[in-house]
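Here the structure comes first, spelled out in structure tokens, and everything after it is commentary.
Order of the sequence lines fixes the chain letters, A, B, ..., with proteins taken first and strands second; residue numbering starts at 1 for each chain. Keep in mind that this is a model prediction, so the values were computed, not measured.
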Protein chains: 2
Amino acid sequence: MKPNIVDVASHAGVSKATVSRVINHNPKVNPEIRERVLAAIQELGYQPSAIAQNLATSTTNTIGLILPDITNPYFPALARGIEDAAHRLGYGLFICNTDNDFATEQEYIQKMVHQRVVGIILISSVLKEKNVKDMQQLNIPFVLCDRLLVDSPFDSVTIDNYKAAYEAVLHFIGQGHKDIVHLAGPPNVHSAIERRQAYIDAMRAHQLPPVVANGSFNYDAGYHAMEELLQHMTPTAVFAANDLVALGAMSAIFKKGLRIPEDISVVGCDDILFAQMSYPKLSTISVPAYQIGEKAVELLIDRCKGVNDGETRNIILSHTFIQRES
Amino acid sequence: MKPNIVDVASHAGVSKATVSRVINHNPKVNPEIRERVLAAIQELGYQPSAIAQNLATSTTNTIGLILPDITNPYFPALARGIEDAAHRLGYGLFICNTDNDFATEQEYIQKMVHQRVVGIILISSVLKEKNVKDMQQLNIPFVLCDRLLVDSPFDSVTIDNYKAAYEAVLHFIGQGHKDIVHLAGPPNVHSAIERRQAYIDAMRAHQLPPVVANGSFNYDAGYHAMEELLQHMTPTAVFAANDLVALGAMSAIFKKGLRIPEDISVVGCDDILFAQMSYPKLSTISVPAYQIGEKAVELLIDRCKGVNDGETRNIILSHTFIQRES
DNA sequence: TTTTAGTGTGAAACCGGTTTCTCAGGAGTT
DNA sequence: AACTCCTGAGAAACCGGTTTCACACTAAAA
């Protein structure tokens, strides 16, 4: 049905080895014969099977991406950065959503190994130190985004969450705010922990009492935490663990009849697309998600090609504080 | 390095045919031998190569998804629906972003054919009737989301954009609005065209003068179109081509010092995640993106398995009008 | 003219599985 | 005891490419 390399070969009157050489741009084939082969390929509408090529070369041109949920507004930019970089380097992209479920994550890692992807970019908050050994036994390169394991043997790329959060709090303090609260993220997620700790440290360093509301990385959590908080006190500034939480908080603030930023200032983190579309536009810490994705692919491919056999690389990209209207 | 089927076979003292049978749960292998093979698999940490399996069976368990831009908030839900359904049915997902560029789209289609995906889910606004023949020659199943080709030979799944938009306008009219404007989407995108036409028809049917501002499917376009419009007139209702445009319009309305919905009501379309996070929460037409994705996969797999060799199926999923605060 | 080196091409092995086909051996019949 | 029928397992062909290796042929050197 679909023509294969032998069809092309006999159609052009050559051996399949020669056709293979033409396909792979091997320079040492007679130009005249090359033309004949190319013509045959054209006529038959032949396209080599990547499957067969992969089997023969014992490698694929595919990388795997495992992330919590593409529906979470932080991830599309990351995914896009990964995809663009991957395609630019000649790789395809396999994708999976784990919903932060450990079993699902392990299952998908297996699935990718099965598919023989050359490497995996893993964004996980459920991974634990004790899983590292198992993963290493898989003998496949991993790159972690938003590093969650300290001293892990895997390459990673992230931002300095502690520093970013510290600066954000400093920004508030610099403006004269004293009642600054923090709406924290999930207590088991690395980036959330760092941001929370930075907030506490910054407050203490200025003799201000830290007030943190525990929560999750989503809108509803932000809304409810803020609503709850407003029953007891009225802070002048809110530092949210991420933009979704900030947006939820803003909604609760409005609901209470307060103004932003006149009564309460709000700062989020991530700079998701909607940070610039909200009303008022959300001030936030811009996390270069797209670039993190690009960089992750670079690390991964280097690792696959053996460019970097040495020590693990933990890249830290720089964030930016973006002052908008909130 | 990685063990292969022969390693397992000799380790278990059987032939590779038997190992293959065990892997594929072929019922006719002696339980005792099966155990031996499974033990060998365990010990060696063997996992069959999907590549080799694919080559041997001349099929893959991978489907391709080609979409404009995962960064556009409409698509993550769609993609997620596709991914969930695909994995549920045992398929992996290959993904590509085209940025609505025709050449890129064609390139990726080729790439997917090269990868031997079993079928392609294509979300495109640049596809033209004249490309259909070429695509058919590829001899690979396609499913289109948001059908853009009339009478195409491809399966598709979409919503009734015309009806949805008509109802939205009717909703405004029912509330007594007379000055209703439409912020249209790109003039070459099928869904945008239908929504626009429905608006015009609905207005005319009620002897109201249609006012449409041309635009694009993004926030800035909505903002600028609305800003421009407000210099000439002050409508009481705005029907935007999608939520992004609606959000942009809302921002321009606020900027002008007007209130929503007291002065101007706004309705969008798609019900992206942020429609429920904006302030005020955006009223919109809910497009079941997740379900569209799921359904697309079903159609595709049916087609691949030959369950449906017959006529093309054009599924129309139902939308819902969601009244929120705008 | 013979030798040597170099070049382009084909035959065949190989990648790691699946599947057909063959056959040995045991159970059931007559 | 001889025959047929099953059953389970192995040998070998196959999927569609790549790559090694051998070799025929040409061109340059002696």
Side-chain angles (χ1 to χ4, degrees), chain A residues 1-38 40-41 44-62 90 92 111 113-118 139-140, chain B residues 1-38 40-41 44-62 90 92 111 113-118 139-140:
Chain A
M1 117 114 271
K2 251 194 230 300
N4 64 19
I5 200 171
V6 178
D7 299 329
V8 175
S10 62
H11 194 272
V14 300
S15 76
K16 61 182 200 162
T18 298
V19 176
S20 174
R21 293 192 183 101
V22 170
I23 293 171
N24 295 295
H25 308 101
N26 185 319
K28 40 180 49 175
V29 323
N30 187 315
E32 187 189 331
I33 292 191
R34 173 192 308 285
E35 286 312 313
R36 244 176 38 222
V37 171
L38 288 175
I41 289 177
L44 272 52
Y46 167 74
Q47 182 163 31
S49 158
I51 307 274
Q53 292 177 315
N54 290 339
L55 182 60
T57 56
S58 301
T59 181
T60 61
N61 35 359
T62 306
K111 195 159 183 165
V113 171
H114 181 208
Q115 290 293 336
R116 298 292 193 262
V117 298
V118 296
N139 212 358
I140 186 175
Chain B
M1 114 110 279
K2 251 193 229 301
N4 65 20
I5 199 170
V6 178
D7 300 328
V8 175
S10 61
H11 194 271
V14 299
S15 74
K16 60 182 201 162
T18 298
V19 176
S20 175
R21 292 192 183 102
V22 171
I23 293 172
N24 295 294
H25 306 102
N26 187 319
K28 40 180 48 174
V29 323
N30 188 312
E32 187 190 330
I33 291 192
R34 172 193 310 285
E35 286 312 315
R36 242 174 42 219
V37 171
L38 288 176
I41 289 178
L44 273 52
Y46 168 74
Q47 182 161 33
S49 158
I51 308 273
Q53 291 178 315
N54 290 338
L55 182 60
T57 56
S58 302
T59 181
T60 62
N61 37 357
T62 306
K111 193 157 185 166
V113 171
H114 180 208
Q115 290 292 338
R116 298 294 192 265
V117 298
V118 297
N139 213 359
I140 186 175

Interatomic distance where CD1 belongs to A:Ile5 and P belongs to D:dC15 [whole Å]
14 Å
Rounded to whole Å, how long is the line connecting atom CD1 of A:Ile41 with atom P of D:dG17?
10 Å
What's the NE2-P distance between B:His25 and D:dG8, to the nearest Å?
17 Å
Could you please name the option among D:dG17, C:dG10, D:dG16 that lies closest to any side-chain atom of A:Val14?
C:dG10
On a heavy-atom basis, which atom in A:Asn24 and which in A:Ser20 lie closest, and how many Å separate them?
ND2-O, 2.8 Å
Kindly point out which of D:dA9, C:dA13, D:dA13 is positioned nearest to the side chain of B:Lys16?
D:dA13
Length of the line joining A:Gln53:CD and D:dT18:P, which is rounded to integer Å
5 Å
Quick check: on DNA chain D, is the nucleotide nearest B:Val29 upstream (toward 5') of the one nearest A:Asn24, or the reverse? Name the residue that is more 5'.
B:Val29
Sugar-phosphate, base or nothing in reach of A:Ile51, heavy atoms under 4.0 Å:
nothing
Less than 4.5 Å apart, side chain to side chain, heavy atoms only: is that true for A:Thr62 and A:Gln115?
no
Using atom CZ of B:Arg36 as one end and atom C1' of D:dG8 as the other, report the distance to the nearest whole Å.
13 Å
Do B:Ile140 and B:Arg116 make a side-chain contact, defined as non-hydrogen atoms from C-beta onward lying under 4.5 Å apart?
no
Sugar-phosphate only, base, or nothing, as touched by B:Ser20 at under 4.0 Å among non-hydrogen atoms
base
Give the rounded distance in Å between these two atoms: CZ of A:Arg116 and P of C:dC15.
14 Å
Any heavy-atom pair between the side chains of A:Asn139 and A:Val113 that's under 4.5 Å?
no
Picking from D:dT18, D:dG10, D:dC15, which would you name as closest to the side chain of A:Thr57?
D:dT18
Dump the pairs, protein N or O against N or O of nucleotides 20-25 of chain D, anything under 3.5 Å, distances to one decimal.
| residue | atom | partner | partner atom | Å |
| --- | --- | --- | --- | --- |
| D:dT20 | O4 | A:Arg21 | NH2 | 3.3 |

Closest contact, heavy atoms only, B:Gly90 versus B:Asn61
O-CB, 3.7 Å
Using a 4.0 Å heavy-atom cut-off across all strands, classify A:Thr18 as base, sugar-phosphate, or nothing.
sugar-phosphate
Contact between B:Arg36 and B:Thr18 at the side-chain level, heavy atoms closer than 4.5 Å - yes or no?
no
Is there a side-chain contact between B:Ser49 and the phosphate of C:dG16, meaning an N or O under 4.0 Å from OP1 or OP2?
no
Does some side-chain heavy atom of B:Val6 sit less than 4.5 Å from a side-chain heavy atom of B:Val19?
no
For B:Ser15 against B:Ala9, the heavy-atom pair lying closest together
C-CB, 3.7 Å
Under a 4.5 Å cut-off applied to non-hydrogen side-chain atoms, are A:Ser49 and A:Asn4 in contact?
no
Roughly, in whole Å, what's the span from CD1 in B:Ile23 to P in C:dT19?
12 Å
Considering only side-chain heavy atoms of B:Leu55, which listed nucleotide, C:dT18, D:dT18, D:dC15, is closest?
D:dC15
With a 4.5 Å limit on heavy-atom distance, are the side chains of A:Ile23 and A:Tyr46 in contact?
yes
Once you build an axis from the first five pairs and another from the last five of the helix from C:dT1-D:dA30 to C:dT30-D:dA1, how far apart in angle are they, to 10 degrees?
50°
Between P of D:dC15 and CG of A:Asn4, the distance in whole Å:
8 Å
Assign B:Val19 to base, sugar-phosphate, or nothing according to its heavy-atom contacts below 4.0 angstrom with the strands shown.
nothing
